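Below is one structure, written out as structure tokens; comments come after it.
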Number of protein chains: 2
Amino acid sequence: MDYDKYAYEPFAVTVDLAVLTVTEGALHALLVERGQEPYAGHWALPGGFVHPDESAETAARRELAEETGLSDLSGLHLEQLRTYSEPGRDPRMRVVSVAFAALLPDPPEPHGGSDAADARWVPYDRARPLAFDHDRILADAHERVGAKLEYTCLATAFCPPEFTLGELQQVYETVWGTTLDRPNFRRKVLATPGFVEAVPGAARLTGGRGKPAALYRAGPATALHPPLLRPSPEGRPA
Amino acid sequence: MDYDKYAYEPFAVTVDLAVLTVTEGALHALLVERGQEPYAGHWALPGGFVHPDESAETAARRELAEETGLSDLSGLHLEQLRTYSEPGRDPRMRVVSVAFAALLPDPPEPHGGSDAADARWVPYDRARPLAFDHDRILADAHERVGAKLEYTCLATAFCPPEFTLGELQQVYETVWGTTLDRPNFRRKVLATPGFVEAVPGAARLTGGRGKPAALYRAGPATALHPPLLRPSPEGRPA
DNA sequence: ATGACTAATAGTCACTACGACTATAAAGAG
DNA sequence: CTCTTTATAGTCGTAGTGACTATTAGTCAT
């Protein structure tokens, strides 16, 4: 890094958040309606400028709270996705944006704030088109989360503190867009030490009909060894 | 992103590169000796300011060429690692740095250039301490590369256009710091369609003694399904 | 040459993980 | 009750892989 030899050009640095959740059996993204130009009236990912005294991670949490009014960010899983720096990605100035993927269980109802006219959970498939290059950021976040489900215990970040194995399986199926065999999924999850741990009191929960399911908590493990690979979409030969 | 409501503070945006290679059975990192303050005389990762008209990726390639004089960047694998944005990571101004992990086969000899007094391949274990937060960036790059070897075909990026399976295995062993069983490694690599393809002419190469090895090229595959997991460092129970 | 040494390649065996199932248990709805 | 629904238990065959042994094809020394 040479500060002295070359004059450096100042950039605006922003954060953008692809916040995902699983509700009603479908993947949803948290979007805001832009109140100002450019792209006023269009939907976009929440985000905003990084302040001089904060890191991108701090800015991400702050902007999320400001723009969507979400107060309970305790269960929020925040993770850097990548940085988008192509010149021209913002029509009026040079903006470098640090993008984050975020997961939230039990999505609370958002409401617009600061410069967001509105904020809403939108089904992933109906989210586009978005302002700026946010279509791509959202797709990158989806891809990254899907990949991380394979070899980490990230799926529990989509679940409330106590959950059933059926709910956990729903997360996988929703993010991957596949169906999984229930007994096999169960066997795999329980065979992975530290992935989930049973809630000891014979606690059970009923979603309606059917046999009540046992409740589990997220365990201390973070990695899945061996991984839980998503089924490859190849047809079997004749 | 709100340009209008809040005044935004300009940041300096830089790139830093953790360039890794495998030589003489050891992992090496490409380092430069800083010519200017701060940290003049200290070793650091190559990098520099992003110009107003280029993306971080473009800046990374340019800075690498400028600072280390490497002319042949054809085999270079460049990949965004993450962005480091903590306030105070640079002693004199607010700098946000987009870090890259890069892999290079057959390391060419570097020489200092622009603001780098010197440039050199340094064995990974003897690389620290580095200027700024580059110790951490280098460690993060190592971790990321090690993980990607498991489930991608990235290892071929460390190898010249034609290589033996022994060389490929050396890459895994060097990055992971483990040893692997040769027949099993071979079986796994050859069983993965598109990982490597044999060079058809009975081409062979001799490194010295022993039976000559067949030559292979990188295949079209990018992902490893199922992955090649590194052995977990757990001792077996009695 | 001849034998020692080295490294690549071939093949075996047992065990684990997992996909595709079938069967049973425990609830609510009619 | 019986039917439906969902959770949970268990079975079977196979692919993948760790730990080996054996063979092949070269160099290096004598």
Side-chain angles (χ1 to χ4, degrees), chain A residues 25 149-151 159 162-173 176 178-193 195-199 202-216 221 223-237, chain B residues 25 149-151 159 162-173 176 178-193 195-199 202-216 221 223-237:
Chain A
L149 288 189
E150 293 194 322
Y151 53 94
C159 296
E162 301 193 338
F163 52 87
T164 68
L165 293 187
E167 290 165 355
L168 188 66
Q169 182 175 348
Q170 264 260 320
V171 169
Y172 277 90
E173 293 183 333
W176 286 349
T178 59
T179 65
L180 299 172
D181 179 83
R182 199 181 276 268
N184 288 344
F185 178 82
R186 173 187 190 73
R187 181 221 285 155
K188 171 69 181 174
V189 170
L190 294 180
T192 303
F195 190 178
V196 298
E197 42 195 37
V199 174
R204 330 201 125 225
L205 166 121
T206 181
R209 5 180 232 274
K211 177 174 173 175
L215 284 178
Y216 293 85
L224 236 52
H225 243 57
L228 205 169
L229 300 177
R230 62 186 125 180
S232 34
E234 52 208 332
R236 49 191 63 77
Chain B
L149 288 189
E150 292 194 323
Y151 54 94
C159 295
E162 301 194 338
F163 52 87
T164 69
L165 293 187
E167 290 165 355
L168 189 64
Q169 183 176 347
Q170 264 261 319
V171 169
Y172 277 89
E173 294 182 332
W176 286 350
T178 59
T179 65
L180 300 173
D181 179 81
R182 200 181 275 270
N184 289 344
F185 178 82
R186 172 188 192 73
R187 183 223 283 155
K188 170 68 181 174
V189 170
L190 294 180
T192 303
F195 191 178
V196 298
E197 43 195 37
V199 174
R204 326 200 127 226
L205 167 122
T206 180
R209 357 178 237 276
K211 177 173 173 176
L215 284 178
Y216 293 86
L224 235 51
H225 244 53
L228 205 169
L229 300 176
R230 61 187 127 180
S232 35
E234 51 208 334
R236 49 191 63 76

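None of the values given here were measured: they were computed from a predicted structure. Every chain is numbered from 1 and lettered A, B, ... according to where its sequence line falls, protein lines coming before strand lines.
- A:R187 has no side-chain polar atom (N or O) that falls below the 4.0 Å cut-off from OP1 or OP2 of D:dA9.
- Protein atom CZ of B:F185 is 14 Å distant from nucleotide atom C1' of C:dT9, rounded to whole Å.
- Taking all atoms of both residues into account, the shortest heavy-atom contact from A:Q169 to A:L180 is NE2-O, 2.9 Å.
- Between the P atom of C:dA17 and the CG atom of A:L224 lies a distance of 13 Å, rounded to the nearest Å.
- Look at CG on A:N184: it is 11 Å from C1' on D:dT11, rounded to the nearest Å.
- One distance of note links CG of A:L215 with CD of A:E167; it measures 7.5 Å at 0.5 Å rounding.
- Rounded to whole angstrom, the span from the CD atom of B:Q169 across to the C1' atom of D:dT17 amounts to 15 Å.
- Map B:K188 and B:P183 each onto its nearest nucleotide of DNA chain D; the residue landing nearer the 5' end is B:K188.
- The CG atom of B:L190 sits 14 Å away from the P atom of D:dG16 (whole-angstrom rounding).
- Regarding contacts with the backbone of D:dT8, a side-chain N or O of A:R186 is found under 4.0 angstrom from either OP1 or OP2.
- D:dG16 atom P lies 21 Å from atom OH of B:Y151, rounded to whole Å.
- Nearest nucleotide to the B:A213 side chain, out of C:dC18, C:dT9, D:dT5: C:dT9.
- Contact detail for B:L149 and B:Y172: the closest heavy-atom pair is O-OH, 3.1 Å.
- Going from atom CG of A:D181 over to atom P of D:dT6 covers 15 Å, rounded to whole Å.
- Residue B:P227 comes nearest to A:P227 through the heavy atom pair CG-CG, 3.8 Å, listed as atom of the first residue, atom of the second, then distance.
- Closest to the side chain of B:K211, from the set D:dA7, D:dT24, C:dC18, is D:dT24.
- Spacing between atom CG of A:L165 and atom P of D:dT8 amounts to 6 Å, rounded to whole angstrom units.
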